[in-house]
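Values below: all heavy atoms of this structure, side chains included; hydrogens, waters and symmetry mates excluded.
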Amino acid sequence: DTIPGADYYVFENLHADHTVSVVVGHYTYEIVTSCGPNGSVTPATLIAEYGETVEVNFTPAPCYQVDSVWIDGEYVGDDSAYTLGYIHASHSIHATFKMRNVRVKVLVEDSLYGTATNLGEHLLSCGSAFSTSIFPADCSRLRRVFVNNVDGDSLLQIVDDHFVLNFDSLVEDTSVRILFEPIRYTCTANANFGGTVSPMFIQPLCGSNVTFEIDPLDCYEIDSVWL
């Protein structure tokens, strides 16, 4: 006779020789895994042996993060992985996901020489669009734009008298640093052998006044001045 699953057997009114063979197998347990939308869980539902350790991983879709993890209906946090150690019972594991937020920070250095729209820090849903318009002040120009500390000049668009920086879909925290500088011009002067002019070289700021002193030598007078 075969007696499946029994942990004892009784011989009643024994009147003959008998042989008893016992086959011992591992206890097994079902680990049921599941998750909500916008992500996945691995491994899928499986059968684990007694004492085994199982790691379950939760992978969010782009722009999402783990919101909650539940073991047998009990909340256990929001980590991206959970380890079941020394399994001695069946379990159910369920994860949910939520949309991530991203931060955008726009900073202008040397604000005396220009400004931009949407200055400061902004909290947006991942995947959102964002834009800042950049306006140099009079007699100033845009020197450089850094996006996440990397040269971002190639991302700029010129619109009329200003620049526009567009982000179609932000999926990570982003910093924008804008640098302006005053415009300088180069002025050079020279005179023939009959006199001197000073200064001979100067780089004045845009909008400033510059005076050149012309000094003829003895027996000479100013004949003409050319710009």
Side-chain angles (χ1 to χ4, degrees), residues 1-106 118 120-131 146-152 154-155 165-176:
D1 292 336
T2 301
I3 313 297
D7 56 4
Y8 69 92
Y9 185 80
V10 177
F11 288 97
E12 296 181 355
N13 194 19
L14 188 64
H15 282 81
D17 294 333
H18 291 277
T19 300
V20 178
S21 297
V22 178
V23 178
V24 180
H26 291 287
Y27 284 111
T28 57
Y29 303 95
E30 185 178 36
I31 308 300
V32 178
T33 61
S34 62
C35 67
N38 302 308
S40 61
V41 57
T42 55
T45 295
L46 73 155
I47 301 299
E49 293 186 352
Y50 179 87
E52 189 177 351
T53 296
V54 174
E55 181 177 89
V56 181
N57 294 280
F58 316 105
T59 304
C63 278
Y64 285 83
Q65 65 185 35
V66 177
D67 182 30
S68 62
V69 177
W70 303 80
I71 306 295
D72 301 330
E74 180 180 351
Y75 175 75
V76 293
D78 57 3
D79 292 334
S80 60
Y82 190 87
T83 299
L84 290 167
Y86 198 75
I87 293 173
H88 56 278
S90 295
H91 295 285
S92 64
I93 303 178
H94 183 77
T96 62
F97 304 93
K98 66 179 180 181
M99 175 79 74
R100 287 192 296 111
N101 290 325
V102 294
R103 284 182 169 79
V104 184
K105 186 175 183 180
V106 180
N118 291 324
E121 187 168 308
H122 308 268
L123 187 64
L124 305 174
S125 295
C126 178
S128 296
F130 184 80
S131 175
F146 292 98
V147 177
N148 291 336
N149 297 319
V150 176
D151 190 342
S154 62
L155 304 176
L165 180 60
N166 285 317
F167 299 96
D168 294 331
S169 179
L170 288 169
V171 297
E172 63 179 357
D173 291 347
T174 302
S175 65
V176 177

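- Rounding to the nearest 0.5 Å places CZ of R100 at 11.0 Å from OH of Y64.
- Within the 4.5 Å cutoff, no side-chain heavy atoms of D79 are placed close to those of V69.
- Closest approach of A95 to F58, counting heavy atoms only: CB-CD2, 3.4 Å.
- Going from atom CG of L170 over to atom OG of S125 covers 11.0 Å, rounded to the nearest 0.5 Å.
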(message) Between I87 and Y50, is the side chain to side chain contact (heavy atoms under 4.5 Å, CB included) condition met? List the steps.
(response) CA-CA 6 Å; I87 293 173; Y50 179 87; over 6 Å; no
(request) Kindly determine whether N118 and V104 satisfy side chain to side chain contact (heavy atoms under 4.5 Å, CB included), including the steps that lead there. (result) CA-CA 10 Å; N118 291 324; V104 184; over 6 Å; no
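- Side chain of H94 to main chain of S92: no donor-acceptor pair is present (N/O by atom type, distance under 3.5 Å, no hydrogens or angles).
- Of the possible donor and acceptor atoms, one in the side chain of N148 sits under 3.5 Å from a partner among the backbone N and O of S175.
- In plain terms, the two heavy atoms of G85 and T53 that are nearest each other are CA-OG1, 3.8 Å.
- Taking NE2 of H122 as the start and NZ of K105 as the end, the distance is 11.0 Å to the nearest 0.5 Å.
- Atom CG in L165 sits 7.0 Å away from atom OG in S131 (nearest 0.5 Å).
- Atom CD1 of residue I93 and atom CH2 of residue W70 lie 14.0 Å apart, to the nearest 0.5 angstrom.
- In H18, the NE2 atom is crowded: over 12 heavy atoms of neighbouring residues, nucleotides or ligands sit closer than 6.0 Å.
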(request) Report the C-alpha distance between Y29 and V54 in whole Å, list the side-chain angles of each, state the deciding distance to 0.1 Å, and finish with yes or no for side chain to side chain contact (heavy atoms under 4.5 Å, CB included). (result) CA-CA 11 Å; Y29 303 95; V54 174; over 6 Å; no
(request) Decide yes or no on side chain to side chain contact (heavy atoms under 4.5 Å, CB included) for L84 and I31, but give the supporting numbers first. (result) CA-CA 10 Å; L84 290 167; I31 308 300; 3.9 Å; yes
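- In this structure a side-chain-to-backbone donor-acceptor pair under 3.5 Å is present from T33 to P43.
- In this structure, P60 and V66 have side chains that are in contact, with non-hydrogen atoms separated by less than 4.5 Å.
- Contact record, D173 with N101: OD1-O, 4.4 Å, taken as the closest heavy-atom pair.
- C63 and G127 get closest at one heavy-atom pair: SG-N, 3.6 Å.
- When every heavy atom of G39 is checked against every heavy atom of F97, the shortest pair comes out as CA-CE1, 3.5 Å.
- Nearest heavy atom pair, residue C126 against residue M99, reads O-SD, 3.7 Å.
- Although no hydrogens or angles enter the test, the distance criterion places a donor-acceptor pair under 3.5 Å between the side chain of T174 and the main chain of E172.
- Between the OG atom in S90 and the CD1 atom in I47 there is a gap of 7.0 Å [rounded to 0.5 Å].
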